[in-house]
There are 2 protein chains.
Amino acid sequence: MDVGLQAKYQARAQVLKALAHPSRLLIVDQLAAREHSVAELTALVGADISTVSKHLSILKTAGLVNDQRRGKQVFYSLRTPCVLSFFGCVETVLQAKLDSQIRLVR
Amino acid sequence: MDVGLQAKYQARAQVLKALAHPSRLLIVDQLAAREHSVAELTALVGADISTVSKHLSILKTAGLVNDQRRGKQVFYSLRTPCVLSFFGCVETVLQAKLDSQIRLVR
DNA sequence: TGATGATTTGGTTATATTGCCAATAATACG
DNA sequence: CGTATTATTGGCAATATAACCAAATCATCA
């Protein structure tokens with residue numbers, strides 16, 4: 001693959017990789033409604049707080065979320081709401097896959 | 001995390017994971033224009049044909065592409081064109097990240 | 001059938017990701 | 001200050017991904 005092309009797709013892949021984890025998708029979904037502290041997200045995800053913190057760091061590095069410290073807490077918010085539009089298409093993909101699987105059985 | 005919720009996000013993550021690789025993004029981009037044989041895609045990606053075949057298998061399992069054998073060749077096509085809309089948003093994310101990095105320097 | 005071309009599959013190694021625990025910041029407050 | 005609360009970082013073990021080569025499959029045609 002051409003090196004310039006590779007750089008372009010590598011950068012894009014980095015963003016998608018950041019989204020490609022169940023816990024991180026849940027986090028993004030929650031942030032769609034409103035900002036949340038790390039502790040709140042930890043309760044929702046149901047993992048160790050250090051694990052959630054690392055997930056948030058990945059989302060932040062990818063440019064998907066913002067963090068803002070207020071007192072002892074750090075609040076995360078969605079930076080680029082357009083990612084929410086992914087979910088609809090992903091559901092379409094899943095549905096299409098399911099349909100074809102059903103078609104095979106019949 | 002609740003088990004039902006987990007299943008939902010796991011399925012979604014599987015689709016995004018399938019997209020989260022530079023070579024697979026290149027493939028999807030190429031398939032946006034027209035169907036391609038494995039050999040054609042291999043030339044574009046610039047990896048071993050077995051590697052490309054495995055990438056295609058991942059995209060297929062995720063429900064993102066269709067395959068159709070015609071003679072000795074197998075042609076892959078995009079199954080759910082809505083994924084192309086991801087690229088625009090991903091570029092937005094990358095641009096926003098770049099902007100904030102520039103802002104930090106100044 | 002045997003040979004050839006196109007693709008997939010199996011196996012192996014290298015690298016990356018994930019999740020937890022422990023230790024370290026950062027903040028608030030008595 | 002000393003302590004409690006919230007979050008991040010370092011380190012490690014387990015698991016998952018990725019790439020290549022070699023071998024197997026599938027289709028065509030002499």
Side-chain angles (χ1 to χ4, degrees), chain A residues 1-3 5-7 9-28 30-31 35-62 64-77, chain B residues 1-3 5-7 9-28 30-31 35-62 64-77:
Chain A
M1 178 169 20
D2 163 54
V3 62
L5 217 57
Q6 186 158 32
Y9 287 111
Q10 202 135 27
R12 291 181 176 185
Q14 209 53 40
V15 175
L16 290 172
K17 229 184 269 191
L19 286 170
H21 187 286
S23 301
R24 296 198 287 269
L25 285 178
L26 171 63
I27 290 170
V28 167
Q30 292 298 321
L31 296 184
E35 63 170 22
H36 286 273
S37 71
V38 179
E40 287 171 337
L41 293 170
T42 297
L44 290 164
V45 169
D48 195 274
I49 189 170
S50 72
T51 300
V52 174
S53 178
K54 278 176 184 168
H55 282 310
L56 288 166
S57 161
I58 289 167
L59 289 171
K60 187 186 164 189
T61 301
L64 290 162
V65 300
N66 287 318
D67 59 335
Q68 186 190 11
R69 174 150 230 143
R70 285 207 298 277
K72 283 183 282 194
Q73 292 164 295
V74 176
F75 290 89
Y76 281 85
S77 57
Chain B
M1 178 170 19
D2 162 55
V3 63
L5 217 58
Q6 185 158 32
Y9 287 110
Q10 202 136 26
R12 291 182 176 185
Q14 208 54 39
V15 175
L16 289 171
K17 230 183 268 191
L19 286 171
H21 187 286
S23 301
R24 296 198 287 267
L25 285 179
L26 171 62
I27 289 170
V28 167
Q30 292 298 322
L31 296 185
E35 63 170 23
H36 286 273
S37 70
V38 179
E40 287 171 337
L41 293 170
T42 298
L44 290 164
V45 170
D48 195 274
I49 189 169
S50 72
T51 300
V52 173
S53 177
K54 278 176 185 170
H55 281 311
L56 288 166
S57 161
I58 288 167
L59 289 172
K60 186 186 164 188
T61 300
L64 290 162
V65 300
N66 287 318
D67 60 336
Q68 185 191 10
R69 173 150 230 143
R70 286 208 298 278
K72 282 183 280 196
Q73 291 166 297
V74 176
F75 290 89
Y76 281 85
S77 57

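We name chains A, B, ... by the order of the sequence lines, and we start the count at 1 in each one. Computed from a predicted structure; not experimentally measured.
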- Just by distance, do the side chain of A/Arg24 and the backbone of A/Ile27 share a donor-acceptor pair under 3.5 Å? no

A/Ile49 atom CD1 is separated from C/dA22 atom C1', nearest whole Å, by 14 Å

Regarding the side chain of B/Ser50, the nearest nucleotide among D/dA7, C/dC20, C/dT8 is C/dT8

| For B/Ile49, does its backbone N or O pair with a side-chain atom of B/Ser53 as donor and acceptor, under 3.5 Å? | no

Closest of D/dT8, C/dT7, C/dC21 to the B/Gln73 side chain is C/dT7

D/dA19 phosphate, OP1 or OP2, under 4.0 Å from B/His21 side-chain N/O:
yes

Is the backbone N or O of A/Ala47 less than 3.5 Å from a side-chain atom of A/Thr51, with the two atoms forming a donor-acceptor pair by type?
-> no

Query raised in the report: Using a cut-off of 4.0 Å on non-hydrogen atoms, how would the nucleic acid contact of A/Lys17 be classed: base, sugar-phosphate, or nothing?
Result: sugar-phosphate

Margin query: So, OP1 or OP2 of D/dA7: does either fall under 4.0 Å of a side-chain N or O from A/Ser53?
Written below: no

Here the distance between atom P of D/dA7 and atom CZ of A/Arg70, to the nearest Å, is 11 Å

Original post:
Which part of the nucleic acid, if any, lies within contact of B/Tyr76, taking any heavy atom under 4.0 Å across all strands shown: a base, the sugar-phosphate backbone alone, or nothing?
Top reply: sugar-phosphate

A/Leu41 CG to C/dG19 P, in whole Å, measures 15 Å

Rounded to whole Å, CD of B/Gln10 lies from C1' of C/dT18 at a distance of 13 Å

Exercise for the section: Looking at every strand, decide which applies to B/Ser37 at a 4.0 Å heavy-atom threshold: base, sugar-phosphate, or nothing. Expected result: sugar-phosphate

Regarding the side chain of A/Arg69, the nearest nucleotide among C/dT8, D/dA27, C/dA26 is C/dA26

Rounded to whole Å, NZ of A/Lys54 lies from P of D/dG11 at a distance of 10 Å

5'-most contact on DNA chain C (nearest-nucleotide basis), A/Gln14 vs B/Ala39, goes to B/Ala39

In whole angstroms, the gap separating C1' of D/dA7 from CG of A/Asp48 amounts to 11 Å

Of the candidates C/dT27, D/dT9, C/dT7, the side chain of A/Lys72 sits closest to C/dT27

Subject >> Geometric cation-pi criterion B/Arg70 and B/Phe75, 6.0 Å radius, 45° cone >> reply: yes

(Q) Counting the atoms with a prime plus P, OP1 and OP2 as sugar-phosphate, which does A/Arg24 contact under 4.0 Å by heavy atoms, base, sugar-phosphate, or nothing? (A) sugar-phosphate

